[in-house]
There are 2 protein chains.
Amino acid sequence: MLSKSCVYALRAIVYIGHNCSDTKKIGIKEIGEELELPFHFLSKILQRLVKHHIIQSTKGPHGGFYISEEAKQVNILRIIDIIDGLSFFEKCGLGLKECSETHPCPLHNDFKVFRDGLYHLFLKKTIADLVIKIEDGNAFISNLPQNK
Amino acid sequence: MLSKSCVYALRAIVYIGHNCSDTKKIGIKEIGEELELPFHFLSKILQRLVKHHIIQSTKGPHGGFYISEEAKQVNILRIIDIIDGLSFFEKCGLGLKECSETHPCPLHNDFKVFRDGLYHLFLKKTIADLVIKIEDGNAFISNLPQNK
DNA sequence: TAATAAAAAGACCTAAATATCTTTTATTAT
DNA sequence: ATAATAAAAGATATTTAGGTCTTTTTATTA
Ligand code: FES
Ligand code: FES
């Protein structure tokens with residue numbers, strides 16, 4: 001449903017949100033190692049997020065990525081839109097060219113419930129919501145060591 | 001979420017279920033034209049379904065594909081399993097290597113609701129259920145002509 | 001039994017997503 | 001100023017999904 005680029009983006013943002021501070025920026029190397037994501041591929045993704053002002057970066061020694069408190073309030077759907085676009089949430093689950101109430105596929109009514117539910121979930125969840133779960137120890141953004 | 005192969009398979013099966021009879025088998029050509037699916041690609045998919053005994057076929061003049069009433073009782077999840085596998089329903093929505101209750105990602109609890117809901121939807125829906133919707137005129141399996 | 005029709009099978013092609021490698025640019029510290 | 005560091009940018013490679021083309025096999029019917 002979400003592309004790899006997109007989940008890499010989300011996890012990287014959460015990692016940055018959790019680990020950066022006024023004095024500490026986070027390098028791609030560290031993110032890639034911690035989250036086990038491919039360095040250069042991740043770098044492209046982070047560039048896009050910077051361009052869209054979701055995160056910020058500085059070059060040079062002690063440079064890296066960071067995120068402001070305001071930016072942490074953006075919802076996840078926004079990230080999905082930037083990376084994948086929102087077509088998933090409009091598309092027919094059975095691949096008809098149009099998903100519509102007047103010409104529905106035989107899964108339309110049932111499928112719509114979940115598709116729209118996910119949409120609203122992603123709409124109301126912010127980056128900060130995810131970061132808090134990490135900080136409270138209620139969730140994790142890295143793999144379990146044994147699964148490495 | 002579902003691959004094109006998979007939704008092509010589902011729509012083709014429903015089309016066959018709706019149109020075939022004891023005396024009439026359905027050719028790939030007809031299915032491809034009606035559903036606007038690529039002929040040869042569709043042919044590969046139907047071959048797999050025949051191998052898995054979801055549909056049946058005969059070669060030669062007046063040959064084609066057909067489906068038995070019993071086979072119409074198989075659920076959609078079975079088709080998804082044959083074409084895509086079921087990994088989607090076990091995978092972490094944020095791409096962690098394992099989706100688990102003890103090491104959850106920050107979306108786990110919310111995401112699981114939809115992922116499991118879809119699972120159960122596909123588990124309880126049979127091909128016959130979809131065909132009935134077509135026959136009752138409550139749903140469609142072809143695109144609207146203007147979207148062709 | 002020959003011609004024909006249709007699926008099966010196999011080889012091949014294309015496009016998109018994912019991943020890597022190299023060079024450039026900006027920043028900081030010496 | 002210079003060297004070192006880190007992101008940005010650009011080029012290239014690999015993998016996978018999606019799609020096409022050709023040949024073979026099987027069944028029908030004239
Ligand atoms: S028409 Fe298929 S999901 Fe809406
Ligand atoms: S751990 Fe991410 S969905 Fe279960």
Side-chain angles (χ1 to χ4, degrees), chain A residues 1-13 15-16 19-20 23-33 35-67 80 82-85 87-88 91 95, chain B residues 1-13 15-16 19-20 23-33 35-67 80 82-85 87-88 91 95:
Chain A
M1 187 195 38
L2 302 182
S3 69
K4 288 199 176 190
S5 296
C6 195
V7 301
Y8 291 0
L10 289 170
R11 284 172 61 205
I13 294 170
Y15 185 88
I16 294 166
N19 290 99
C20 81
T23 56
K24 195 183 166 212
K25 293 161 190 166
I26 317 293
I28 307 176
K29 187 144 168 288
E30 176 183 339
I31 305 171
E33 279 167 5
L35 305 185
E36 297 169 74
L37 306 178
F39 183 95
H40 293 282
F41 189 37
L42 180 59
S43 137
K44 301 282 182 235
I45 296 167
L46 296 184
Q47 281 174 37
R48 297 185 65 184
L49 296 173
V50 169
K51 286 221 185 87
H52 284 85
H53 309 107
I54 304 296
I55 56 178
Q56 285 155 281
S57 69
T58 58
K59 296 178 175 182
H62 305 117
F65 297 88
Y66 55 102
I67 185 169
I80 296 172
I82 289 168
I83 305 291
D84 285 346
S87 65
F88 171 82
K91 265 195 310 194
Chain B
M1 186 195 39
L2 303 180
S3 69
K4 289 203 173 186
S5 296
C6 196
V7 302
Y8 290 179
L10 289 169
R11 283 171 62 203
I13 295 170
Y15 185 87
I16 294 166
N19 291 98
C20 82
T23 55
K24 193 184 167 214
K25 292 161 192 165
I26 317 294
I28 306 177
K29 187 144 167 288
E30 176 182 340
I31 304 171
E33 279 168 6
L35 305 185
E36 296 169 74
L37 307 178
F39 182 95
H40 293 281
F41 190 36
L42 179 59
S43 137
K44 302 280 183 236
I45 296 167
L46 296 183
Q47 281 174 37
R48 297 184 65 184
L49 295 174
V50 169
K51 287 222 184 85
H52 284 86
H53 309 107
I54 303 297
I55 56 178
Q56 283 154 284
S57 69
T58 57
K59 296 179 174 183
H62 304 115
F65 297 87
Y66 56 103
I67 184 169
I80 295 172
I82 289 168
I83 305 292
D84 285 346
S87 64
F88 171 82
K91 267 195 307 196

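This one's a predicted model, so the numbers in the text were calculated from it and none came from an experiment. The basis for the numbers below is simple: all heavy atoms, side chains too, and nothing from hydrogens, waters or symmetry mates. Per chain, numbering begins at 1; letters A, B, ... match sequence-line order.
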Name the atoms and distances for all side-chain donor-acceptor pairs under 3.5 Å in residues 48-56 of chain A, with sequence neighbours left out.
unit_1 : atom_1 : unit_2 : atom_2 : d
A:R48  : NH2    : A:I82  : O      : 2.9
A:H52  : ND1    : A:R48  : O      : 3.0

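If you check C:dA9, D:dG18, C:dT20 against the side chain of B:Q47, the one that comes closest is C:dA9. Candidate nucleotides D:dA7, C:dT28, D:dT28 were compared by shortest atom distance to the side chain of B:H62, and D:dT28 ranks first. The listed nucleotides are C:dT4, C:dT18, C:dA8; the one nearest the side chain of B:P61 is C:dT4. For A:F41, taking side-chain heavy atoms from C-beta onward, the closest of the listed nucleotides D:dT25, D:dG19, C:dT18 is C:dT18. The side chain of A:Y8 has C:dA19 as its nearest neighbour among C:dA19, D:dG18, D:dA6.
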Side chain to side chain contact (heavy atoms under 4.5 Å, CB included) evaluation trace for B:S57 with B:L46
CA-CA 9 Å; B:S57 69; B:L46 296 183; over 6 Å; no
Could you walk me through whether B:K24 and B:Y66 pass the side chain to side chain contact (heavy atoms under 4.5 Å, CB included) check?
CA-CA 8 Å; B:K24 193 184 167 214; B:Y66 56 103; over 6 Å; no
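Rounded to whole angstrom, the span from the CD1 atom of B:I31 across to the P atom of C:dA6 amounts to 13 Å. Look at CZ on B:R48: it is 19 Å from P on C:dA7, rounded to the nearest Å. The distance from atom CE of A:M1 to atom C1' of C:dA17 is 17 Å, rounded to the nearest whole Å. Between the C1' atom of D:dA6 and the CD1 atom of A:I16 lies a distance of 14 Å, rounded to the nearest Å. Regarding A:K25, its NZ atom lies at a distance of 12 Å from the P atom of D:dA8, rounded to whole Å. The CG atom of B:L42 sits 14 Å away from the C1' atom of C:dA6 (whole-angstrom rounding). Whole-Å rounding puts the B:F39 CZ to C:dA7 P distance at 6 Å. When the P atom of D:dA7 is taken as reference, atom CD1 of A:I55 falls 10 Å away, rounded to whole Å.
With DNA chain C read from its 5' end, the first of the two nearest nucleotides for B:G27 and A:K59 is the one closest to B:G27. Toward the 5′ end of DNA chain D lies the nearest nucleotide of A:L46, the other residue of the pair B:S3 and A:L46 mapping further downstream. The nearest heavy atom of DNA chain C to A:L2 and to B:T58 marks one nucleotide each, and the one closer to the 5' end goes with B:T58.
Across B:C6 and B:D84, no two heavy atoms sit closer than the pair CB-OD2, 3.2 Å. Contact detail for B:A12 and B:I31: the closest heavy-atom pair is CB-CG2, 4.0 Å. Counting all heavy atoms, side chain and backbone alike, A:F65 lies closest to A:C20 at O-CB, 4.2 Å.
Residue A:I26 holds its CD1 atom at 7.5 Å from CD1 of A:I16, rounded to the nearest 0.5 Å. With rounding to the nearest 0.5 angstrom, the CZ atom of A:F88 is 5.0 Å from the CE atom of B:M1. The CG atom of B:L35 sits 7.5 Å away from the CG atom of B:L42 when rounded to the nearest 0.5 Å.
Residue contacts for A:K51: at a heavy-atom cut-off of 4.0 Å it reaches the sugar-phosphate backbone alone, with no base atom in range. As judged by a 4.0 angstrom heavy-atom cut-off over every strand, B:I26 is placed among residues touching the sugar-phosphate backbone only.
By the 4.5 Å heavy-atom criterion applied to side chains, A:K44 and A:H40 are not counted as neighbours.
Using a 4.0 Å cut-off, some side-chain N or O of A:S5 falls inside it from OP1 or OP2 of C:dT18.
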Dot-bracket pairing map - DNA chain D, Watson-Crick plus G-U, both contacts under 3.5 Å, | cross-strand
||||||||||||||||||||||||||||||
Pairs under 3.5 angstrom, nitrogen or oxygen only, protein versus nucleotides 10-12 of chain C, please.
unit_1 : atom_1 : unit_2 : atom_2 : d
C:dG10 : N7     : B:K44  : NZ     : 2.9
C:dG10 : O6     : B:K44  : NZ     : 2.5

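Between the side chain of A:K4 and the base of C:dT18 there is no donor-acceptor pair of N/O atoms closer than 3.5 Å.
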